[in-house]
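Just so you know, these numbers come straight off a predicted model, no measurement behind them. We count ligands from 1, going down the list as the structure has it; atoms in each ligand are counted the same way.
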Amino acid sequence: MQATDERVNLLGLSPARLRAWFAEMGEKPFRASQVLKWVHQRRVEDFDAMTDLAKSLREKLKQVACIETPEVLLEQVSSDGTRKFIVDIGGGNSVEMVYIPEDDRATLCISSQVGCSLTCTFCSTGRQGFNRNLSTAEIVGQLWLAEKRIERRLPTGKAISNVVFMGMGEPLLNERAVVDAAELMLDDHAYGLSKRRVTISTSGIVPAIDRLAEHLPISLAISLHAPNDALRDELVPINQKYPLDVLMAACDRYAKVVPHGAIVYEYVMIDGVNDTPEHADEMIALLGPRGDEVKVNLIPFNPFEGSDYRRSSRNRIMRFATRLRDAGINTVPRKTRGDDIDAACGQLVGKVADRSRRQDRLAQMGLDRGVVEVTG
Ligand code: SAH
Ligand code: SF4
């Protein structure tokens, strides 16, 4: 359905906003629960199909509202089952979403912005610059799309059990839309995920971390990547604004309002840059006082074109992990998934831009073969 400027896209209204919207129209708040179920659980895009709403209300909704959902531009399937999607969000813009199936769960990695303004040196999204924030509908629309498209169902009947904001963009610099989308993910009339299973990954926007602690204490992944300010200033430049002592104090405040283990520290392993035994010792000094409450994920650096960094060797990653573990820090070297389809965020969109130019050229020659590509 095509949206006009005046019509509200109901896909992007949080439960509270939807209730308020119905109240403004003189309708009962329970209409919001009914519509949430139709839109997010039954994935109906047509008001006529909402059979438990009075016909007069359906007619009214058609005039003032719409349900506009994102579309998949390209899908790649890895040999390990990971699936990457380029999601078209209109105006020539697209973002990435990644589906990662495991035995008893399935994680969806979603984007919150087109590009990112924060220029972390190891990140391909950061290299692309910032284009715009995604709307709530475009964020929750990624989960909507995955639930619609992915055939494999978990015992709960759902396709997705966990959502992580680890795609493109800094979620806490698009706070309102991200929080509204997360509220939809948690709502029982929509996706019904528990707070533990929705994770915001952030480079450390301290005031927004504090607001999240107060309003929506979901799981948090802190992109640490360096154990001292000098190195972190370089790798994660937002550190110059919110240095490590300020960030760690915010994490400690957050830890007080979430269950044990709801904060994870992410550390990308870059050969010779942040992966030496001395760096491990600095990590121990930084995190150690927090004891076994702390969890560290070591992520092998994902190389991309134009970057001089190299991935730390498996050996080096294991040695780093052992050193942290010996000091009582729960450390998990993360498996790389979807390596054969360019796992690091931001890489695929860059490729699609190239590809679509190539696609145009091929199309001009009458040689284009469609956009779905399956590898592995
Ligand atoms: N902006 C947020 C969330 C998106 S990035 C953040 O920075 O946390 C999601 C995760 O991917 C972050 O931990 C980020 O540091 C990591 N990442 C970015 N580029 C990477 C690369 N080339 N290799 C491995 N991890 C990378
Ligand atoms: Fe932005 Fe996160 Fe990439 Fe840094 S790592 S540039 S914050 S997306």
Check your understanding: Counting both backbone and side chain atoms, is some N or O of Gly169 under 3.5 Å from an N or O of ligand 1?
Key -> yes
Exercise for review: Identify the two heavy atoms, one from Ala255 and one from Ile263, that lie closest to each other, and give their separation to 0.1 Å.
Suggested key: N-CD1, 3.7 Å
Review point. Gly169: heavy atom below 4.0 Å from ligand 2, yes or no?
Key: yes
**Study point:** From Gly126, Ser112, Pro171, Cys116 - option closest to atom 1 (Fe) of ligand 2 by heavy atom
**Key:** Cys116
Point to revise | Residue portion contacting ligand 1 (non-hydrogen atoms closer than 4.0 Å) for Thr125 | key: neither
Exercise for review: Begin with the C-alpha distance, continue with both residues' side-chain angles, and end with the deciding distance and a verdict on side-chain hydrogen bond (donor to acceptor under 3.5 Å, both in side chains) for Asn315 and Ser313.
Suggested key: CA-CA 5 Å; Asn315 252 345; Ser313 68; 5.5 Å; no
Review point. Sequence neighbours excluded, which residues qualify as side chain to side chain donor-acceptor pair (under 3.5 Å) partners of Asp281?
Key: Arg323
Practice item. Answer yes or no: is there an ion pair linking Lys62 with Asp48, defined by an N-O contact shorter than 4.0 Å? Key: yes
Check your understanding: Hey, looking at atom 10 (C) of ligand 1, which of Ser201, Gly167, Gly204, Ala221 has the closest heavy atom?
Key -> Ser201
Point to revise | For Val268, atoms of ligand 1 separated by under 4.0 Å from a heavy atom | key: 23 (N), 24 (C), 25 (N)
Point to revise | Heavy-atom closest contact (Leu118 atom, Pro237 atom, distance) | key: O-CD, 3.6 Å
Check your understanding: Restricting to pairs with a member in residues 17-40, which pass salt bridge (Lys or Arg N to Asp or Glu O under 4.0 Å), not counting sequence neighbours?
Key -> Arg17-Asp180, Glu27-Arg31, Glu27-Lys60
Revision key, fill the gap. Check: of Pro171, Ser307, Ser223, Ser117, min heavy-atom distance to atom 8 (O) of ligand 1 comes from Ser223
Check your understanding: Is there a donor-acceptor pair under 3.5 Å between the side chain of Ser56 and the backbone N or O of Ala54?
Key -> no
Check your understanding: Considering only heavy atoms, does His225 approach ligand 1 within less than 4.0 Å through its side chain, its backbone, both, or neither?
Key -> side chain
Exercise for review: Verify the distance test for Cys123 against atom 4 (Fe) of ligand 2: any N/O/S atom under 2.8 Å, yes or no.
Suggested key: no
Check your understanding: Taking only heavy atoms of Phe165, which atoms of ligand 1 are found under 4.0 Å from at least one of them?
Key -> 3 (C)
